[in-house]
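Both backbone and side-chain heavy atoms feed into the values below; hydrogens, waters and symmetry mates do not.
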2 protein chains.
Amino acid sequence: MSPPRPATRIQARNRAAILDAALDVFSAQGFRGATVDQIAAAAGLSKPNLLYYFPSKEAIHNALLEQLLDTWLAPLRALDPDGDPLQELLAYVQRKLEMSRDYPRESRLFANEIVQGAPRIHGALSTDLKSLVDDKTRVIRTWIEAGRINRVHPYHLIFSIWSLTQHYADFDVQIRAVLDDEDPFDAAPDFIDTLYRRLLTPP
Amino acid sequence: MSPPRPATRIQARNRAAILDAALDVFSAQGFRGATVDQIAAAAGLSKPNLLYYFPSKEAIHNALLEQLLDTWLAPLRALDPDGDPLQELLAYVQRKLEMSRDYPRESRLFANEIVQGAPRIHGALSTDLKSLVDDKTRVIRTWIEAGRINRVHPYHLIFSIWSLTQHYADFDVQIRAVLDDEDPFDAAPDFIDTLYRRLLTPP
DNA sequence: CGTCGGTTTGACCAGATGGTCAAATCATTC
DNA sequence: GAATGATTTGACCATCTGGTCAAACCGACG
């Protein structure tokens, strides 16, 4: 289940290379679209050699997903109930947007998994993810009750943040096809900041 | 290239059944994840029989995508330069949201294609899609210049609408995992309407 | 040097998968 | 109801793909 701690330097290097290559391939092709040969080639290993480090294609995928959920939800975990509501939420939004810019492969890996019904992480969604979101929506609700931000549906507020920020990673090609040369991340932070300011700032 | 017009009633029925089945399978599994056998079974045909109507798996996929882009962009095409700006934009948003609710398979088919780099529709994105968006952002810009809606980045405004509305179809499992029993589409229309009202309504 | 555990590989296998084809079946028209 | 073209199918093929395995290789240590 858990990855064996690397016994040697070679193991550490190769396991890392494999995971990085696998992230490339899985995020670009989806689980079924990816082939072990592709991953092995991208990692600079032969297929049997790759399978010496991971027992199967699925094991690699699982290793990636496992590691992903944690880092992916870190920004939401960091939402501080004792901070200033607007600042906290805007900071969360910006952090998520930065992740889309800096870790688009992770975002697409996640998107591929969810769009296709989350066959491998459905459990984690309705336990870990749900309880985290339940927790944070309670925080948001108290902010609303205290009149510190506008009354909005807390769950849909969070969904909207996920959606708006991850869109820039997941639909990157579409956005760039429309924008031509302009870098989406030039104007996106400001646009999204404005959007949530107007939505949340009490009159 | 273009589908032969159905010569017989049977052709019409079977071609339709195949496309419907293929939409099921492709949208749930992606192109590479779908198998011809699956599609054939879902359409109630044998594999060779299916391949009597379409020359290849890719041909079915292309037929779906071709048909999709048109219907998918119809709501944006309907944005009326002579209408009331806020009404037009809010109506566009709601139409898109209805499409996510009523045609989630189409949305996911599109999402699968884009997330994986749009290998098959890249051309259409940077021609048809781009020119449509260029056109409509000009409309939005004139509305802004006239002071009829707030000054926002027109391209990112459109991206945000795509993102927010399609998210409910594409990330359906995630949303439902978090919301438990509640139907996302109960509260989503109101939330999104409020969001864009606050963003766009001039002071 | 020799040995021994860790690492790498070529050859191989079984099953899945996209696609073909000749023959059989069916529907329509005369 | 015979003829003719459209439709359907069972059997088949080539290729791809995930995975196995025994043998070779390598590097560190005695």
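- Looking at A/Ser163 and B/Tyr168, their side chains never bring a donor and an acceptor atom within 3.5 Å of each other.
- Remark: A/Arg105 engages A/Asp20, A/Asp24 in a salt bridge (charged side-chain N to carboxylate O under 4.0 Å, His left out) (not counting sequence neighbours).
- Taking atom CD1 of residue B/Ile18 and atom C1' of nucleotide D/dT8, one finds them 12 Å apart after rounding to whole Å.
- Between B/Tyr53 and D/dT8 there is a side-chain N or O to OP1 or OP2 distance below 4.0 Å.
- Phosphate proximity of C/dT9 to A/Asn49: present, with a side-chain N or O under 4.0 Å from OP1 or OP2.
- Whole-Å rounding puts the B/Leu45 CG to C/dG19 P distance at 16 Å.
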Exercise. Can you give one letter per nucleotide of nucleotides 10-29 of chain D, going 5' to 3': B for a protein heavy atom under 4.0 Å from the base, S for sugar-phosphate only, - for none?
Worked result: BB-----SBBBB--------

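- Here A/Tyr52 reaches the OP1 or OP2 of C/dT7: one of its side-chain N or O atoms lies under 4.0 Å away.
- Between A/Asn14 and C/dT8 there is a side-chain polar atom (N or O) within less than 4.0 angstrom of OP1 or OP2.
- In this structure, B/Ile39 atom CD1 and C/dA16 atom C1' are separated by 15 Å, rounded to whole Å.
- Contact annotation: B/Gln11 side-chain N/O to D/dA6 OP1/OP2 distance is not under 4.0 Å.
- Ion pairing between B/Asp134 and B/Arg138 fails under the 4.0 Å rule for side-chain N and carboxylate O.
- The salt bridge (charged side-chain N to carboxylate O under 4.0 Å, His left out) test applied to B/Asp193 returns B/Arg197, not counting sequence neighbours.
- Direction of the helix axis in the helix from C/dC1-D/dG30 to C/dC30-D/dG1 shifts by 0° between the two five-pair termini, rounded to 10°.
- Applying the salt bridge (charged side-chain N to carboxylate O under 4.0 Å, His left out) test to A/Asp37 and every residue at least two apart in sequence or in another chain returns A/Lys47.
- Looking at A/Glu145 and A/Arg151, a side-chain N of the basic residue comes within less than 4.0 Å of a carboxylate O on the acidic one, giving a salt bridge.
- The aromatic ring centroids of B/His61 and B/Phe31 lie less than 6.0 Å from each other.
- The interatomic distance linking B/Ile60 (CD1) with C/dT17 (P) rounds to 15 Å, in whole Å.
- Because its NZ or CZ atom is not both nearer than 6.0 Å to the ring centre of A/Tyr92 and within 45° of the ring axis, A/Arg77 does not count as a cation-pi partner of that residue.
- Counting only residues at least two apart or on different chains, no salt bridge (charged side-chain N to carboxylate O under 4.0 Å, His left out) pair has a member in residues 153-164 of chain A.
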